[in-house]
Amino acid sequence: MNDFGLDLAVIGNGHTAALLEPTSRLVWWCLPRLDGDPVFSRLLAGDEEKGFCDVVLDDMVDYASDYERNTAIVSTVLTNSQNASVRITDLAPRFQNFGRIHRPAQLIRIIEPLAGLPRITIRVRPTADYGKPMTDRSLGSNHITYRGNDICVRLTTDGPPSYIDSESAFALTRPIHMVLGPDEPWPEDIGKTCRDFADRTHDYWMDWVRHLSISYDWQDAIIRAAIALKLSSFEETGAIIAALTTSIPEAPGSGRTWDYRHCWIRDAYFVVKAL
């Protein structure tokens, strides 16, 4: 993947997973599970601006992105030439709830103003049928539903749906919360629930890491690798997929563009052994 200059972070929960660029643009996400139709498919879009979700800061001059320590949560800060900045937090919920793991096919994005009066544009351009833009959509007071032939995706948000739909810029004066997932109503306070899910997901990963049996040497790298392996598992069956993407060439001009979202028994054994 490095031959193509891909610098991607992964968020996931054992049911679904997504890949992000360092500016927080979501470029890969399959629904309803790891081997599903890529709703975000920018990695395969070439020069076409489709299959992604991002936050565009007016006059951006700098960005910084990293995982929150020992978690599968990604935090990104965008800064413009006037030193106005925003922080974007991305995660897939995963935590203990009523004695079992809560791991819905959802992504949560929290956008917060950090300094100044940043103006942002939120762009959501999902695809279906392996790259066909979802042009059929409907707006509600707090959501946008995008429809493909066999799949629906709902964005529930306390941000302005009409601005998101038209990709219009607006001043970010308060935190905005976004939930991407199946076309299901969101009956609760979205801001409170997103913050609660983020805190509980953070606590889950911190607790999971505490129970790893690893040496002191190269500890940060080993923990990050262990989390990445964990995110490549489909917990419902125990399957370990070969990779979170499909059809990304192994090397330029190689022609090897196989689908890696299958479980290769030999490789899966090595992953289970490592974990």
Side-chain angles (χ1 to χ4, degrees), residues 11 16 18 20-27 29 31 39-40 42 49-60 63 65 68 73-80 82 84-93 104-127 133-147 152-202:
I11 56 174
T16 188
L20 301 88
E21 292 180 339
T23 56
S24 82
R25 180 161 67 166
L26 287 157
V27 294
W29 181 40
L31 277 182
V39 171
F40 296 141
R42 182 67 186 84
E49 287 297 313
K50 64 180 183 180
F52 65 86
C53 173
D54 66 2
V55 177
V56 180
L57 173 65
D58 282 6
D59 198 22
M60 185 183 78
Y63 60 87
S65 182
E68 294 187 6
I73 301 173
V74 176
S75 179
T76 305
V77 175
L78 310 179
T79 306
N80 69 10
Q82 287 77 47
S85 60
V86 300
R87 178 172 58 218
I88 304 160
T89 304
D90 289 292
L91 66 135
Q106 291 177 343
L107 303 180
I108 290 178
R109 167 162 281 186
I110 303 173
I111 309 168
E112 305 169 273
L114 289 183
L117 187 63
R119 284 179 57 83
I120 64 169
T121 303
I122 298 175
R123 304 188 296 178
V124 183
R125 300 181 184 178
T127 58
M134 289 188 186
T135 56
D136 182 11
R137 60 185 183 269
S138 59
L139 275 72
S141 58
N142 296 105
H143 76 273
I144 306 174
T145 299
Y146 305 87
R147 299 180 181 86
C152 289
V153 180
R154 176 184 286 228
L155 165 63
T156 304
T157 181
D158 54 5
S162 60
Y163 279 72
I164 297 173
D165 180 62
S166 62
E167 297 185 356
S168 300
F170 61 93
L172 185 68
T173 58
R174 59 174 177 81
I176 286 178
H177 306 83
M178 301 169 60
V179 179
L180 288 154
D183 188 21
E184 300 171 351
W186 188 273
E188 302 171 355
D189 181 300
I190 185 172
K192 181 179 179 180
T193 304
C194 284
R195 292 190 297 272
D196 178 58
F197 279 18
D199 290 342
R200 295 174 73 179
T201 299
H202 180 277

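The figures that follow rest on heavy atoms only: side chains count, while hydrogens, waters and symmetry mates do not.
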Within this structure, what is the [atom1]-[atom2] distance for the pair [X] and [Y], rounded to the nearest 0.5 Å?
X	Y	atom1	atom2	result
Thr79	Leu114	OG1	CG	8.0 Å
Ile11	Leu91	CD1	CG	6.5 Å
Ile176	Asp158	CD1	CG	6.5 Å
Thr157	Ile164	OG1	CD1	4.5 Å
His143	Thr145	NE2	OG1	3.5 Å
Cys194	Glu188	SG	CD	10.0 Å

Please report the shortest heavy-atom distance between [X] and [Y], naming the atom on each side.
X	Y	result
Ser168	Ser166	OG-OG, 2.7 Å
Pro113	Pro175	CD-N, 3.9 Å
Pro185	Arg154	CA-NH1, 3.7 Å
Ala105	Trp29	O-CZ2, 4.1 Å
Ala84	Leu57	O-CD2, 4.0 Å
Pro133	Lys50	CG-CD, 4.1 Å

Salt bridge (charged side-chain N to carboxylate O under 4.0 Å, His left out) between Lys192 and Asp196: does it pass, once the steps are laid out?
-> CA-CA 6 Å; Lys192 181 179 179 180; Asp196 178 58; over 6 Å; no
Heavy-atom side-chain proximity of [X] to [Y] below 4.5 angstrom:
X	Y	result
Leu107	Asp90	no
Ile122	Ile111	yes
Phe40	Pro126	yes
Trp186	Gln106	yes
Thr201	Ile73	yes

Is there a donor-acceptor contact under 3.5 Å from the side chain of [X] to the main chain of [Y]?
X	Y	answer
Thr127	Val39	yes
Asn80	Gln82	yes
Arg25	Arg42	no

Could you please spell out the steps behind the side-chain contact (heavy atoms from CB on, under 4.5 Å) verdict for Arg109 and Ile88?
-> CA-CA 7 Å; Arg109 167 162 281 186; Ile88 304 160; 3.6 Å; yes
Give a yes-or-no answer on whether the side chains of Thr76 and Ser65 include a donor-acceptor pair shorter than 3.5 Å.
-> yes
Salt-bridge criterion met for Glu68 and Arg87 (N-O under 4.0 Å) | no
Steps toward side-chain contact (heavy atoms from CB on, under 4.5 Å) verdict (Ile144, Val124) | CA-CA 10 Å; Ile144 306 174; Val124 183; over 6 Å; no
Near Phe170 CZ, under 6.0 Å, is it more than 12 heavy atoms from other residues, nucleotides or ligands?
-> yes
Apply side-chain contact (heavy atoms from CB on, under 4.5 Å) to Glu167 and list each qualifying residue two or more places apart in sequence or on a separate chain.
-> Thr121, Arg123, Arg125
